[in-house]
Undergrad: 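Okay, handing you the structure first.
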Amino acid sequence: MGSYADEINKRRTFAIISHPDAGKTTLTEKFLLYGGAINLAGSVKGKATARHAVSDWMEIEKERGISVTSSVLQFQYGGFCINILDTPGHQDFSEDTYRTLMAADSAVMVIDASKGVEAQTRKLFKVCVMRRIPIFTFINKMDRDAGDTFELLDEIEKELGIATCPINWPIGSGKEFKGVYDRENRCVVTYSDTEKGTKEGHATTIPIDDEGMLLSHIGEAFKEQLADEIDLLDGASAEYDLERIRAGELTPVFFGSALTNFGVEIFLQHFLKMTTTPLPRRADIGLVDPVENTFSAFVFKIQANMNKAHRDRIAFMRICSGKYEASMEVKHVQGGKVMRLSQPQQIMADERKILEEAYAGDIIGVFDPGIFAIGDTLCMPKEQFQYEGIPTFAPEHFARVRQLDTMKRKQFVKGITQIAQEGAIQIFQEFNSGMEEIIVGVVGVLQFDVLKYRLENEYNVEIRLDNLPYEHIRWIENKDIDLNTLTGTSDMKKIKDLKGNPLLLFVNQWSIGMTAERNAGLVLSEFGKN
Ligand code: G4P
């Protein structure tokens, strides 16, 4: 065991997922406040200013004032070293958002109490389930009128298919929000509207048996309602079971208000107790233990053109085992080369600092002269193994790409292939043709603009994009299927990826079902294997 075991064991690396506006940024700011990383919450990502600061890497980002990339934040709290991976939302939702989840050991799901489960949460949740990573739920905005709590939990269970275990329970909401009941300690923590940017609250903790105090703080009606709800809960909800939580089968649920800083520290403390140290990762030699093994990492994201003056790229990697030191030689397994990583840095929300060392659980960004691909493994020179690949996620928007100047065919093919390799877009061809007809698929529509912009600016190629009506793509799992004889619905389209793997495009869910029905034994998948 390395002497760095302590460093690794104090690391907790998680992603925050939510639908835009549920309060992900606000919650992150409050976490950082507790970690002492900033003095005043709000100064991390004051929307307009900081988002620019993070992301003036591309003109398109500046023009629109949004961030196309996701960032990583590191802070210390209670003896833990915490890495938060932000998952970009809004229009900048992209395949990278999914890939970020590949680098996390757990996910915090923020849900707006008045809105319940929303589209983007649902999509990201699917990826968490696929990886079986633990999911911790923070139900936010309790200071606003919220729906019925039991119904909300029901919705999570039905829509997402995961059992819920409330760790605390809200008393009222909106103007009538009184606080939460802590089930384990059998006490009520009263709501206090903490001033923006401060840590100190004026919450009072009242044992559930102290009738007098309860009465004066939450009133008769809420007291009775709470007693009923506790009975119901104890009878009906799933039992707390750390093993099931860590297997991603049960989500602990917390209630609070990120904006008024209520319930955030309680959440953080419980979360840190329940979540795991950096987990072992599967490689072709079996599971690689983070502590027992020397340095290894895998690339989960490639960000192009962070510096406009050069056509450089940054490869983001998650360290899976051991310790990384800045001057160390490592092996890039897929490239078959031993090298020193160039300018290893930690990418923070609004700054980048050059790293001297980093440990399993940490995320680093290194300068990439165009040699890395998503999923690549790095390890020590005398080791030889590869981490399991990162799946390809289903794009939901498709367009036919037409090149305006046919003389520039070579640049066009080179440009679009390179951009596809970075993983921002996926390219396909008609099933029975070659590169003359290209179909591009993206997870978020902004990537269409990014593609157009980059082809023009970096490759001097103008294109036209004609939107196609398809919304679903499926990979075919059967190795022996003959696409020529496969019968689908009339609006289904047969295509292939650059490796020649067959895929199907569908306009709606119904067509997928019909096609599966008409072709016995056909196995369709929402994730492609790399
Ligand atoms: P996101 O990152 O998930 O997109 O959400 P973000 O934190 O940016 O929050 C979205 C909006 O919701 C913000 O208001 C924020 O202040 C508000 N909000 C977050 N948490 C809570 C909460 O617990 N209670 C209430 N009442 N509101 C909350 P905004 O007006 O859009 O932005 P801003 O001008 O306040 O930054």
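Atoms within a ligand are numbered from 1 in the order they appear, just like the ligands themselves.
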Undergrad: Which of these, Q120, K24, M142, K141, has its nearest heavy atom closest to atom 28 (C) of ligand 1?
TA: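 Residue with the shortest heavy-atom distance to the ligand atom: K141.
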
Undergrad: Taking the minimum heavy-atom distance to atom 24 (N) of ligand 1, which of I16, D143, L27, D21 ranks first?
TA: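 Shortest heavy-atom distance from atom 24 (N) of ligand 1: D143.
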
Undergrad: Between L259 and ligand 1, which part of the residue brings a heavy atom under 4.0 Å of the ligand: side chain, backbone, both or neither?
TA: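 The answer is both.
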
Undergrad: May I ask you to list the atoms of ligand 1 that are less than 4.0 angstrom from any heavy atom of P20?
TA: 4 (O)

Undergrad: Can you list everything that forms a salt bridge (charged side-chain N to carboxylate O under 4.0 Å, His left out) with D241? Sequence neighbours excluded, please.
TA: none

Undergrad: What are the two closest non-hydrogen atoms of I363 and A103, and how far apart are they?
TA: CD1-CB, 4.1 Å

Undergrad: Is the F177 ring parallel, tilted or perpendicular to the Y191 ring (thresholds 30°, 60°)?
TA: tilted

Undergrad: For residues 168-176, which side-chain donor-acceptor pairs fall under 3.5 Å, sequence neighbours excluded?
TA:
from : atom 1 : to   : atom 2 : distance (Å)
N168 : OD1    : F255 : N      : 3.0
W169 : NE1    : E229 : OE1    : 2.7
S173 : OG     : A146 : N      : 3.0

Undergrad: So Y98 and F393, would you call those rings parallel, tilted or perpendicular, with 30° and 60° as cut-offs?
TA: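 Because their plane-to-plane angle lies in the 30° to 60° range, the rings of Y98 and F393 count as tilted.
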
Undergrad: Would you say the side-chain atoms of D362 pair up with the backbone N or O of Y359, donor to acceptor, closer than 3.5 Å?
TA: yes

Undergrad: Which heavy atom in F298 sits nearest to a heavy atom in M102, and how many Å separate them?
TA: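 Scanning both residues, the minimum pair turns out to be CZ-O, 3.5 Å.
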
Undergrad: Tell me whether A258 has any N or O atom under 3.5 angstrom from an N or O of ligand 1.
TA: yes

Undergrad: Under 4.0 Å, heavy atoms only, figure out whether ligand 1 is touched by the backbone of S257, its side chain, both or neither.
TA: both

Undergrad: Classify the contact between R144 and ligand 1 as side chain, backbone, both or neither, using a heavy-atom distance cut-off of under 4.0 Å.
TA: side chain

Undergrad: Does a salt bridge link D105 with R318, judged by any charged N lying under 4.0 Å from a carboxylate O?
TA: yes

Undergrad: Any N or O of G256 that comes nearer than 3.5 Å to an N or O of ligand 1?
TA: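 For ligand 1, there is no N or O atom that lies under 3.5 Å from one belonging to G256.
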
Undergrad: Number the atoms of ligand 1 from 1 as they appear, then name those within less than 4.0 Å of a heavy atom of T26, with their elements.
TA: 6 (P), 7 (O), 9 (O), 15 (C), 19 (C)

Undergrad: Does only the side chain of N140 get under 4.0 Å from ligand 1, or the backbone, or both, or neither? Count heavy atoms.
TA: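 Side chain only; the backbone of N140 stays clear of ligand 1.
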
Undergrad: As an exercise, identify every atom of ligand 1 less than 4.0 angstrom from a heavy atom of S18.
TA: 3 (O)

